[in-house]
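What follows is a set of notes on a single structure, which appears directly below.
Everything numeric in this text was worked out from a predicted model, so none of it was measured. In what follows, residues are counted from 1 in the order of the sequence shown.
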Amino acid sequence: MPLTPADLALPQSGPRTAAPPDDTPRIADDTPRIPDDTALAAALAAGAGYVLLALRAEHARCEPRDLARIGDAGAQRHLAAALRHHRPADAVLSEEGTDDAARLGASRVWIIDPLDGTREFSEKGRNDWAVHVALWEEGRLTAAAVALPARDTVLTTEPTPRTLPRTSGRADGSGPGPRLAVSRSRPPALIAPLARRLDARLVPMGSAGVKIAAVIEGTADAYVHAGGQYEWDSAAPVAVAVARGLHASRIDGSPLRYNQARPWLPDLVVCHPGDRDRILAALADVTPPATETPS
């Protein structure tokens with residue numbers, strides 16, 4: 001899905017003119033609300049992506065740390081304003097927002113990461129960063145979108161149904177090992193022994209959303225992380241992956257749970273369902289170091 005600013009129906013004070021990061025987006029009261037949750041998730045993610053591209057261009061001469069801060073803040077304001085307009089009764093859990101414990105009693109919670117991959121966003125020419133927007137309803141993720149703004153792409157939970165091809169060997173585990181999407185700077189310590197056990201090829205790339213998107217799009221076969229992440233790092237890409245028929249779980253095979261009191265997930269794996277048993281069996285033989293820290 002391409003980014004089409006004219007179709008976003010979202011705050012317009014920032015995207016087209018690259019407004020300064022302290023400018024609060026506003027939506028006219030008569031702006032039509034988007035009733036479908038998946039369509040809204042896509043519009044939110046695309047709109048924030050458009051804001052980020054504009055800010056990145058306007059502030060291209062900033063120091064990387066300042067550019068990352070400007071991007072985080074601008075995308076957060078955009079998404080917060082849009083959600084207040086389109087879903088005023090829903091709760092929100094955001095990396096860049098203040099956590100409100102009231103979300104734990106809410107039936108609908110938007111879990112968002114306004115800018116996933118601040119390091120990549122702040123590096124000129126890199127396109128491996130993302131925007132995550134997911135909706136949690138009464139115990140499960142029901143709608144989501146992951147925007148890859150620099151690639152002009154939005155992945156959502158309503159794809160055209162298709163049969164996923166196997167990309168990493170035969171069902172008995174023979175054949176070439178899987179391609180593992182890994183951090184280009186801080187891969188978890190278990191990746192090296194896991195790669196040896198699976199005879200895997202490592203594919204370095206940026207943000208968590210981009211890594212899971214690579215599995216969704218078939219440029220990687222699995223993403224395994226055991227260094228700990230927050231819910232907003234994975235909620236949207238996991239929801240899209242599952243909607244596309246992929247497997248997603250903790251590395252011990254147990255379910256991923258969202259909208260928890262402490263929004264922290266120690267680990268996860270996303271892969272083709274045909275590779276699930278092979279990868280989980282290999283993970284069972286690899287013990288993550290107890291000293292892993294959030295990434």
Run the numbers on Asp128 and Arg151 for salt bridge (charged side-chain N to carboxylate O under 4.0 Å, His left out), then give the verdict.
CA-CA 8 Å; Asp128 48 347; Arg151 300 179 185 180; 5.4 Å; no

Are any side-chain N or O atoms of Asp116 and backbone N or O atoms of Val131, one a donor and one an acceptor, separated by less than 3.5 Å?
no

Just how far is it from atom CG of Leu155 to atom CG of Leu148, taken to the nearest 0.5 Å?
5.5 Å

Walk me through whether Trp110 and Asp90 qualify under side-chain hydrogen bond (donor to acceptor under 3.5 Å, both in side chains).
CA-CA 7 Å; Trp110 292 90; Asp90 292 354; 2.8 Å; yes

Would you mind reporting whether Val269 and Arg250 have side-chain heavy atoms less than 4.5 Å apart?
no

For the residue pair Asp267 and Gln229, establish whether any side-chain heavy-atom pair is separated by less than 4.5 Å.
no

Is there a donor-acceptor contact under 3.5 Å from the side chain of His86 to the main chain of Ala81?
no

Can you check whether Tyr258's main-chain N or O pairs, donor with acceptor, with Gln260's side chain at less than 3.5 Å?
yes

Minimum-distance pair of heavy atoms, taken over all atoms of Val51 and Ala75:
CG1-N, 4.4 Å

For Arg56 and Gly71, indicate whether the former's side chain and the latter's backbone hold a donor-acceptor pair under 3.5 Å.
no

Considering all heavy atoms, the nearest Ala144-Ala239 contact
CB-CB, 3.6 Å

Donor-acceptor check, side chain of Asn259 to backbone of Arg103, threshold 3.5 angstrom: yes or no?
yes

Verdict with supporting geometry, Arg108 and Glu138, salt bridge (charged side-chain N to carboxylate O under 4.0 Å, His left out)
CA-CA 7 Å; Arg108 289 169 53 93; Glu138 299 182 342; over 6 Å; no

Using a strict 4.0 Å threshold on nitrogen-to-oxygen distance, state whether Lys211 and Glu217 make a salt bridge.
no

Step-by-step side-chain hydrogen bond (donor to acceptor under 3.5 Å, both in side chains) determination, Glu120 to Ser207
CA-CA 8 Å; Glu120 288 74 23; Ser207 74; 5.9 Å; no

Do Pro35 and Arg33 have side chains that approach each other closer than 4.5 Å (heavy atoms only, starting at C-beta)?
no

Give a yes or no on whether the backbone of Arg69 and the side-chain of Asp72 come within a donor-acceptor separation of less than 3.5 Å.
no

Any side-chain heavy-atom pair from Asp37 and Arg87 closer than 4.5 angstrom?
yes

Check: Arg201 side chain, Gly177 main-chain N or O, donor-acceptor pair, under 3.5 Å
yes

Do Val203 and Val182 have side chains that approach each other closer than 4.5 Å (heavy atoms only, starting at C-beta)?
no

Could you check whether atom CZ of Arg65 has more than 12 heavy atoms from other residues, nucleotides or ligands sitting under 6.0 Å from it?
no

In this structure, CG of Leu135 is separated from OG1 of Thr142 (nearest 0.5 Å) by 4.0 Å

In short, Cys62 meets Asp66 closest at the heavy-atom pair CB-CB, 4.3 Å

